[in-house]
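Shown next, in structure tokens, is the structure this report addresses.
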Amino acid sequence: MSKSSSKKKPSDASPPMEIPEPKFNWMNQSRQWGTRVSPGKAGLTLDSLNVGIYGEVPPRWTDQGRNPRGAIPVKGALPIGYSVTEKIGLWAPCAAELYEEAIQRRWAPATDVPWSSVQALPDDVETAICQICTEISQYANVDIEVITNWQHRMSYGYHEVKQFLATASLDAARRYEALRKRALINGGGLGLEPVDQVNRFLLESRGGWTETVAGIALVRGLFLATMCEYLFRHAYNDAERAIYSHVIQDVARLITYGVDHLRYSLARDEEKASTTTTMIAIGLALLARDLRDPVLREALAIVFGGGVAGARREGMSVFFDFIEDFRDRHIDLRRWLNLPADVKSMPRAFRPREQH
Amino acid sequence: MSNPANDEILPELHLSWMKRRGPWNTHAEPGKYGLTLADIQVGEYGETPEESSNLTGRSRGSTPRSTAMRIGGYTVRSKSDIWVENASFLYEEALQRQWSSATDVPWNTIEPLPDDVEQAQCQLATFLTEVEFVAGDVPARWISTTTPDYFEARQVLLAQVMDESRHMDVFRKRALANGGGLMKATGATAGFVGGIDLSRDFTEMSSRLHISGEGAVLTIFRMGELMAYNDAEKAIYRLCAQDEARHVAFGVMHLRYMSQNAPERREEIDTYLDEAERAMLTDAANPAGRLTQTSESLCILLGGGRDKFDEGFRKIVAIRRRQLQEYKKRVISAGFGERFENGRSRLNEMMAQAAA
């Protein structure tokens, strides 16, 4: 093809249009050609693309643009301003897998919850359920605000994490929606807004994403997942069972990401272990303070006890079980992460059967 | 079975919170499409304030507590700044139409292609991997600062972040699935003035992202049949087009709401549209624009090979004209059609320049 002139004449059969001489100077430019990833049993997954240079995830991503990992970067592009630029600050080896799992397990509260199974309930139980829905909705709101506030600051080179977080924020949106729907379908309404120090703690965690993850996963996430397990067992209809089971599996992914990231990060930075331990201790102290507020505790006790009449004895006993279960799971995860933890070091709110 | 608790340690119940609740006796009814967000717009729960004074992040309709802390640093607190009348529809549709790039694309239909065509496909895929998540990063940033009083609009944006995440991964998958690889990045979404990332106002951002940017990409995806070489690529373009159509619809409907409810901002919005129009054919973020590496790769794909560049060029000119026509329709639909009659818009001139 001649490159002597910048324009060439089209053929006689063509409409009158000047066609520019192509440069093709972008051709034959690739850092690794000949890549052929085939779909496996689970389809063509994100993780399966990590072959050769495409799977090399550097400890620091200096590119301040949206250069896809493995592509030839463009020089001189103006920076966008990502601030989470180190792998240690966000990476979790399981992020790509969790991303695909989240997509496979997608659900829609509008159609995947058997709303017709919701029948009229005694007013005290309905009030308690609606209060719990109000609280969980607001937890979801905090998850949305926290995740989206960090996601756009994360470097493009760690796209698996950014992509997983896109699923996590949509999961939180669905939680927000599903619990609001439950509150408004059965003759109830929303309850009292929570006065929640943990919400504040998560939103105001500015030190780093790792520290935020410690709060989201090991404090709030685990507390919510455990609470939903108990609510599932004490659900009053199939709609509630469907909601709680979906929420449990969604939150389980967020916890898994959090634990995997903490394990990755703590293994590479001793200092992180002490800051994470401090963050968790603060989070637990605030959660303990939140639990002094009677609203959530009593609402749960009413649901667990089948009404106000059963709330103080049976309901509160189940509530104590829930708190102890949360505590024990929390300790197990911390030990798995080689972080110090034992029952005695937890705030007293997590030893509810002890005489104080 | 719960461990019985000693009666002495069981707290007395307060229960005063049970009388402090939002509007009661709400019975949302599921409709033909399940229990949608539109179905729970009942009574006071469906009322969105023109200005939001909610700084505690509480759910709209819940009962405020005077002791709640102001933890929501929301910058988007005016309804006209973000609202769309069809948010419920867009959100529910987004949930119903979530798809998986791992399993909903028939990857096994991809067969080896001539090297020039594969290179063109990989260059286009590299570009799309690069630019698609600008529409994830940027909405995420705005979500985190939007009051939950406008949660319906926020839910649509959360679904968009998820959609863009999938787009980023499906094009990376395409680049690595057929013996090719990623090629050269473009820096098309770098931090320049007038760029999507740097918008200081939500409507400014939306006009750049949804109306012009994604609108241009939507035109191309809709013509995917012309540049697809197998069923996998056809599926990718079709599925991405349906997602993009929702994002563009959000932008159009928001602009319409803004124009009707904040007419004092019409002149300002016209300025953003001037800016968008100036960039439509020259902007590197438009793959059919004048950036060599994307426009030439499109010409190869549309023509059927490097040796059929001229034929591809004629098609790309048709695409550019269609992009401009569709943009014009969207702007008219949004309520800003007078700019095409009063001489403010240069769109007719640009139609003539589409072949340049």
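So you know, we letter chains A, B, ... as the sequences are listed, proteins then strands, and number each from 1.
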request  = Please round to the nearest 0.5 Å and tell me the distance separating atom OG of Ser169(A) and atom CZ of Arg154(B).
outcome  =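 Reported value, rounded in 0.5 Å steps: 10.5 Å.
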
query = Going from CG on Leu158(B) to CD on Glu177(A), what distance comes out if it is rounded to the nearest 0.5 angstrom?
reply =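 So the CG of Leu158(B) and the CD of Glu177(A) are separated by 11.0 Å.
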
Please rank [options] by heavy-atom pairs under 4.5 Å with chain A and give me the top one.
options: Gly22(B), Ser297(B), Gly34(B), Ala102(B); answer: Ala102(B)
options: Glu164(B), Arg60(B), Glu29(B); answer: Arg60(B)
options: Asp169(B), Val170(B), Thr146(B); answer: Asp169(B)
options: Gln293(B), Met162(B), Gln119(B), Glu311(B); answer: Gln119(B)
options: Arg141(B), Glu152(B), Arg20(B); answer: Arg141(B)

Pick one of side chain, backbone, both or neither for [X], based on which atoms fall under 4.5 Å of a heavy atom in chain B.
X: Leu46(A); value: both
X: Tyr54(A); value: both
X: Tyr230(A); value: neither
X: Trp115(A); value: side chain
X: Ser38(A); value: neither
X: Asn149(A); value: both
X: Pro68(A); value: both
X: Tyr176(A); value: side chain
X: Ile103(A); value: side chain
X: Asp124(A); value: both
X: Asp293(A); value: side chain
X: Ala299(A); value: both
X: Arg106(A); value: side chain
X: Ala173(A); value: both

query = Does the pair Asp197(B)/Arg66(A) count as a salt bridge with the N-to-O cut at 4.0 Å?
reply =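 Looking at Asp197(B) and Arg66(A), the cut-off is met.
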
task = Indicate yes or no: does Glu100(A) engage Lys173(B) in a salt bridge with an N to O separation below 4.0 Å.
result =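 A salt bridge links Glu100(A) with Lys173(B).
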
task = Assess whether side-chain contact (heavy atoms from CB on, under 4.5 Å) is satisfied between His159(A) and Phe133(B), documenting all intermediate values.
result = CA-CA 10 Å; His159(A) 61 258; Phe133(B) 210 67; over 6 Å; no

Do [X] and [Y] touch side chain to side chain, with heavy atoms closer than 4.5 Å?
X: Thr63(B); Y: Leu192(A); answer: yes
X: Met27(A); Y: Lys184(B); answer: no
X: Val161(B); Y: Thr148(A); answer: no
X: Thr111(A); Y: Gln96(B); answer: yes
X: Ile19(A); Y: Phe309(B); answer: yes
X: Phe313(B); Y: Pro20(A); answer: yes
X: Pro109(A); Y: Leu95(B); answer: yes
X: Glu118(B); Y: Trp33(A); answer: yes

ask   = Between Cys130(A) and Trp24(B), is a side-chain contact (heavy atoms from CB on, under 4.5 Å) present by the stated rule, with each step listed?
value = CA-CA 10 Å; Cys130(A) 288; Trp24(B) 204 244; 4.1 Å; yes

Would you check if the side chain of [X] reaches a backbone N or O of [Y] as a donor-acceptor pair within less than 3.5 Å?
X: Lys181(A); Y: Leu35(B); result: yes
X: Thr26(B); Y: Gly188(A); result: yes
X: Tyr45(B); Y: Leu190(A); result: yes
X: Arg312(A); Y: Leu10(B); result: yes
X: Glu145(A); Y: Gly72(B); result: no

Flag for [Y]-[X]: side-chain donor and acceptor within less than 3.5 Å:
X: Ser59(B); Y: Glu193(A); result: no
X: Asp137(B); Y: Tyr156(A); result: no
X: Asn67(A); Y: Glu130(B); result: no
X: Gln131(A); Y: Trp17(B); result: no
X: Thr127(A); Y: Arg21(B); result: yes

key: Set of side chain to side chain donor-acceptor pair (under 3.5 Å) partners for Arg69(A), sequence neighbours left out   =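 If we apply the side chain to side chain donor-acceptor pair (under 3.5 Å) test to Arg69(A), skipping adjacent residues, the hits are Asn50(A), Glu160(A).
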
request  = Output, in order, the C-alpha distance, side-chain angles, deciding distance and verdict of side-chain contact (heavy atoms from CB on, under 4.5 Å) for Gln123(B) and Trp26(A).
outcome  = CA-CA 8 Å; Gln123(B) 179 57 58; Trp26(A) 51 273; 3.8 Å; yes

ask   = By ring pair (Phe, Tyr, Trp, His ring centres under 6.0 Å), which residues pair with Trp107(B), not counting sequence neighbours?
value =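 Counting only residues at least two positions away or on another chain, Trp107(B) forms no ring pair (Phe, Tyr, Trp, His ring centres under 6.0 Å).
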
For [X] versus [Y], what's the shortest heavy-atom pair and its separation?
X: Met69(B); Y: Val195(A); result: CE-CG1, 4.2 Å
X: Ala77(A); Y: Gly187(B); result: CB-CA, 4.2 Å
X: Ser62(B); Y: Thr134(A); result: CB-CG2, 3.9 Å
X: Asn141(A); Y: Gly57(B); result: ND2-O, 3.4 Å

ask   = For Arg31(A) and Leu182(B), what are the C-alpha separation, side-chain angles and deciding distance, and is it a side-chain contact (heavy atoms from CB on, under 4.5 Å)?
value = CA-CA 7 Å; Arg31(A) 290 181 58 214; Leu182(B) 290 170; over 6 Å; no

message = Does atom CZ (Arg70(B)) have a neighbourhood of more than 12 heavy atoms from anything else shown, all under 6.0 Å?
response =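 Check fails, neighbour count at 12 or below.
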
inquiry  = Can you confirm if the NZ or CZ of Arg306(B) lies within 45° of the ring axis of Phe24(A) and under 6.0 Å from the centre of its six-membered ring?
reply    =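 Judged by the rule (NZ or CZ under 6.0 Å from the ring centre, within 45° of its axis), Arg306(B) counts as positioned above Phe24(A).
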
inquiry  = Can you tell me which portion of Asp116(B) sits under 4.5 Å from chain A's heavy atoms? Options are side chain, backbone, both or neither.
reply    =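 Interface part for Asp116(B): both.
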
ask   = Only one of Glu298(A), Arg297(A), Arg292(A) forms a side-chain contact (heavy atoms from CB on, under 4.5 Å) with Pro11(B), so which one is it?
value =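 That would be Arg297(A); it is the only one of Glu298(A), Arg297(A), Arg292(A) passing the side-chain contact (heavy atoms from CB on, under 4.5 Å) with Pro11(B).
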
